[in-house]
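Take a look at the structure set out below.
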Amino acid sequence: MCAISTRKEDWQAPRPRTLVDHAIDAIIAAAARGVILPGERLTEKDLGEMLGLSRVPIREALRVLESLGVVVAAPYKGTRLMDVSKDRLDQILDVRVALETLAVTRAHEAGALTPEKLAPLGAEIREMQLMCDRRDAYGLAEADTRFHQHLVELSGNQPLVALWQTLSRQLTVIIGLTALEKAMDDIVEEHVRLLDLLSGGDLPTMRRELEEHIRTQIHVIDFDLLIEKHRVRRGR
């Protein structure tokens with residue numbers, strides 16, 4: 001007979017979903033799918049009507065998203081979706097490259113890049129392929145973000161993981177917008193190649209290819225043109 005687990009973490013009840021959680025996820029999904037475009041104003045009234053929610057959870061969701069850098073609030077300008085200018089993207093990518101290359105170094109040193117521990121990354125690739133088949137930019141971006149979160153977690157460095165997570169919601173939006181222009185199959189294939197390299201054990205190659213993956217995935221896209229195209233399609 002199997003003994004029950006005595007680990008406290010195994011007995012933690014899942015945090016119940018709230019209206020604020022729902023609003024946060026809905027806003028992120030809309031941004032990743034290009035329904036809301038960078039720089040566009042977000043009002044509690046409009047979001048509440050679209051999501052069927054009162055202003056209270058919408059207001060709190062916007063506060064959370066502001067703390068995560070997804071929206072920006074300014075006096076007399078209201079709340080707007082994050083900027084994706086070249087300078088802003090370069091800043092985000094600089095931080096992301098530093099965090100993820102350090103994470104893969106620590107994971108390598110700890111012997112954590114084993115087939116068993118890399119299995120969750122493979123599962124996210126399969127999810128990415130499913131979302132690719134469905135042409136779902138948000139679903140693909142979510143799986144892409146989770147792939148990299150699993151990789152960072154293999155470092156075993158909790159402060160590093162926490163720092164990376166502060167960027168994760170912004171990354172989901174950026175990757176989703178990228179998937180609207182870049183072939184989704186190419187995005188999936190890049191992760192297949194990256195996972196193969198992580199399994200290979202050559203740290204310098206892993207670090208170099210990881211940085212290349214992070215930077216080229218974004219820099220192949222002209223975000224100004226992308227935003228303008230989607231505004232034209234909406235008749236603005």
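All of these numbers come straight from a predicted model, not from anything done at the bench.
His148 has its side chain out of reach of Leu171: every pair of non-hydrogen atoms, C-beta onward, lies at least 4.5 Å apart. Side-chain contact between Glu190 and Arg193 is absent, with no heavy-atom pair separated by less than 4.5 Å. Inter-residue side-chain proximity for Met184 and Met131 is flagged as unmet; no heavy-atom pair is nearer than 4.5 Å. For the pair Leu180 and His230, the minimum side-chain heavy-atom distance is below 4.5 Å.
Thr79 and Arg41 share no side-chain donor-acceptor pair at under 3.5 Å. For Trp164 and Glu100, the side-chain atoms include at least one donor-acceptor pair closer than 3.5 Å. Between the side chains of Thr145 and Ser168, no donor N or O sits under 3.5 Å from an acceptor N or O. Using modelled atom types, one finds a donor on one side chain and an acceptor on the other under 3.5 Å when comparing Asp46 with Thr43. Side-chain atoms of Asp87 and Ser85 include no donor-acceptor pair closer than 3.5 Å. Between Arg88 and Gln170, the side chains place a donor N or O and an acceptor N or O closer than 3.5 Å (distance only, hydrogens not considered).
Residue pairs satisfying the ring-ring contact (aromatic ring centres under 6.0 Å, His included) criterion with at least one member in residues 55-92, sequence neighbours excluded, are absent.
Under the rule for a side chain to side chain contact (heavy atoms under 4.5 Å, CB included), the partners of Asp94 that lie at least two apart in sequence or sit in another chain are Arg215.
Contact record, Gly176 with Ala141: N-CB, 3.5 Å, taken as the closest heavy-atom pair.
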Original post:
Could you walk me through whether Glu60 and Arg63 pass the salt bridge (Lys or Arg N to Asp or Glu O under 4.0 Å) check?
Top reply: CA-CA 5 Å; Glu60 182 58 29; Arg63 285 177 183 156; 3.4 Å; yes
**OP:** Report the C-alpha separation of Glu212 and Arg208 in whole Å, then their side-chain angles, then the decisive distance to 0.1 Å, and conclude whether the salt bridge (Lys or Arg N to Asp or Glu O under 4.0 Å) test is met.
**Re:** CA-CA 6 Å; Glu212 181 72 8; Arg208 183 177 63 253; over 6 Å; no
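Using bins of under 30°, 30° to 60° and over 60° for the plane-to-plane angle, the ring pair His191/His213 lands in the perpendicular bin.
Rounding to the nearest 0.5 Å gives a distance of 9.0 Å between CG of Leu160 and CD of Gln158. Atom CG of Leu140 sits about 6.5 Å away from atom SG of Cys132, to the nearest 0.5 Å.
The pair Asp90-Lys86 meets the salt-bridge criterion, since a charged nitrogen lies less than 4.0 angstrom from a carboxylate oxygen. Residues Asp224 and Lys229 are not paired through a salt bridge, judged by the lack of any N-O separation under 4.0 Å between the basic side chain and the carboxylate.
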